[in-house]
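Accompanying notes for the structure given below.
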Amino acid sequence: MVDRLANSEANSKRIGVVEGCFGTAGQPLVIPGRVLIGEGVLTKLCRKKPKARQFFLFNDILVYGNIVIQKKKYNKQHIIPLESVTIDTVPDEGDLRNGWIIKTPTKSFAVYAATATEKSEWMNHIGKCVVDLLQKSGKAPTGEHAAVWIPDSEATICMRCQKVKFTPVSRRHHCRKCGYVVCGPCSDKKFLLPSQSSKPVRVCEFCFGQLTAGGLAPRADSISRLGSKFNNMSDDDDDDDSSD
């Protein structure tokens, strides 16, 4: 079906409408061979609180943005190449249900659908698109992915030193390697993680030691163990990638 729709006029018009909804600030989306598979609103766990985001699944990319006017205007466009995506289901916990993690080398985050059926359809379609892309390119699945940040609400004290209590003065920071919530003194080191940035990024002392020793720091990519308190899921809040 994808091949049949790839160069159809109806498909081009649909993608053109999506492109237009992002305005001039968005990247061009209409290219030969690209097919719009599906779209919908998903709850994305952001730094301050869960937020509704509009997602568009194409056969080669996943696009999402903030909803300004439903079905008419979106901003802060994000484009994720599907070749770099892996997905993992998230067990239902508390009020947030029907979720899964979207993992990439640069950024990883959790999203939640309204129903179990919708979750299944999203995961199945994303998975199939990724498999098809990898088969066509002959590439291997991505083995490296960014850590999912631990929610701010899960840490009242530094997760490394277990001493510093977070206050308006003593701010929370996130290690880009493990995703832990840490204090300033425990995260005053930086290390180059090429998949995430062209410049050295903040890492905690533990991960810095592991990285400089050539080891691997443990990842905080298991959301299921965190329970149901997802009031402040950290993922740069979609708006400021320099956020700590």
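These numbers come from a predicted model, not from an experiment.
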Stepwise side-chain contact (heavy atoms from CB on, under 4.5 Å) test for Arg53 and Asn66: CA-CA 5 Å; Arg53 294 287 184 258; Asn66 296 2; 2.9 Å; yes
Trace of the side-chain contact (heavy atoms from CB on, under 4.5 Å) decision for Cys186 with Val164: CA-CA 9 Å; Cys186 284; Val164 175; over 6 Å; no
Step-by-step side-chain contact (heavy atoms from CB on, under 4.5 Å) determination, Asp88 to Lys103: CA-CA 8 Å; Asp88 284 329; Lys103 300 189 291 187; 2.5 Å; yes
Cys158 and Phe166: CA distance, side-chain angles, deciding distance, side-chain contact (heavy atoms from CB on, under 4.5 Å) verdict: CA-CA 7 Å; Cys158 175; Phe166 296 122; 4.3 Å; yes
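Looking at Val17 and Lys13, their side chains never come closer than 4.5 Å, going by heavy atoms from C-beta outward. Using a 4.5 Å heavy-atom threshold, the side chains of Leu45 and Tyr112 count as touching. Contact of the Leu36 side chain with the Leu29 side chain is not registered, since no non-hydrogen atoms from C-beta on lie closer than 4.5 Å. Inter-residue side-chain proximity for Leu62 and Trp122 is flagged as met; some heavy-atom pair is nearer than 4.5 Å. At least one side-chain heavy atom of Cys207 sits under 4.5 Å from a side-chain heavy atom of Arg160. Counting only heavy atoms from C-beta outward, the side chains of Lys189 and Thr212 never approach each other to under 4.5 Å. No side-chain heavy atom of Lys177 sits less than 4.5 Å from a side-chain heavy atom of Phe206. In this structure, Arg34 and Asn59 have side chains that are in contact, with non-hydrogen atoms separated by less than 4.5 Å.
Put simply, OG on Ser84 and NE2 on His145 are 12.0 Å apart, with the number rounded to the nearest 0.5 Å. Distance check, rounded to the nearest 0.5 Å: CZ of Arg171 to CG of Asp152 gives 10.0 Å. The CD atom of Glu121 sits 7.5 Å away from the OG1 atom of Thr115 when rounded to the nearest 0.5 Å.
Note: the hydrophobic cluster containing Ile87 does not contain Ile61 (ILVMFWY, side chain heavy atoms under 4.5 Å, direct or indirect links). One hydrophobic cluster, built from ILVMFWY side chains closer than 4.5 Å, cannot hold both Phe55 and Val41; they sit in different ones. If you chain together hydrophobic residues whose side chains sit under 4.5 Å apart, Val35 and Leu134 fall into the same group. Under the 4.5 Å side-chain heavy-atom criterion for grouping Ile, Leu, Val, Met, Phe, Trp and Tyr, Ile79 is not connected to Phe109 through any hydrophobic cluster. If you chain together hydrophobic residues whose side chains sit under 4.5 Å apart, Met123 and Ile102 fall into the same group.
With sequence neighbours excluded, the residues that form a salt bridge (Lys or Arg N to Asp or Glu O under 4.0 Å) with Glu83 are Lys139.
In terms of modelled atom types and a separation under 3.5 Å, the side chain of Asp60 and the main chain of Pro81 share no donor-acceptor contact. Not a single donor-acceptor pair under 3.5 Å links the side chain of Gln196 to the backbone N or O of Ala146. Remark: the backbone N or O of Ser8 is paired with a side-chain donor or acceptor of Ser12 at under 3.5 angstrom. Under a 3.5 Å cut-off, the side chain of Gln54 and the backbone N or O of Tyr74 do not form any donor-acceptor pair. In terms of modelled atom types and a separation under 3.5 Å, the side chain of Arg176 and the main chain of His174 share a donor-acceptor contact.
Partner Tyr64 forms a side-chain contact (heavy atoms from CB on, under 4.5 Å) with one of Ile80, Val111, Leu42 and no other, that one being Ile80.
Under a 4.0 Å N-O distance rule, the pair Lys128/Asp132 qualifies as a salt bridge.
Of all heavy-atom pairs spanning Ile150 and Met159, the tightest one is CG2-SD, 3.9 Å. Shortest non-hydrogen contact noted between Ser197 and Leu192 is O-CD1, 3.7 Å. Nearest approach of Cys183 to His173, heavy atoms of both residues: C-CD2, 3.8 Å. In terms of heavy atoms, Cys175 sits closest to Val182 at N-CG2, 4.3 Å. Closest approach of Cys178 and Cys204 over heavy atoms only: SG-SG, 4.0 Å. Closest non-hydrogen pair, Phe208 versus Lys190, comes out as CE1-O, 3.6 Å.
Between the side chains of Thr104 and Thr106, at least one donor-acceptor pair of N or O atoms lies under 3.5 Å. A donor-acceptor contact closer than 3.5 angstrom links the side chains of Thr89 and Lys119.
Within a 6.0 Å radius of NZ in Lys73, other residues, nucleotides and ligands contribute 12 heavy atoms or fewer.
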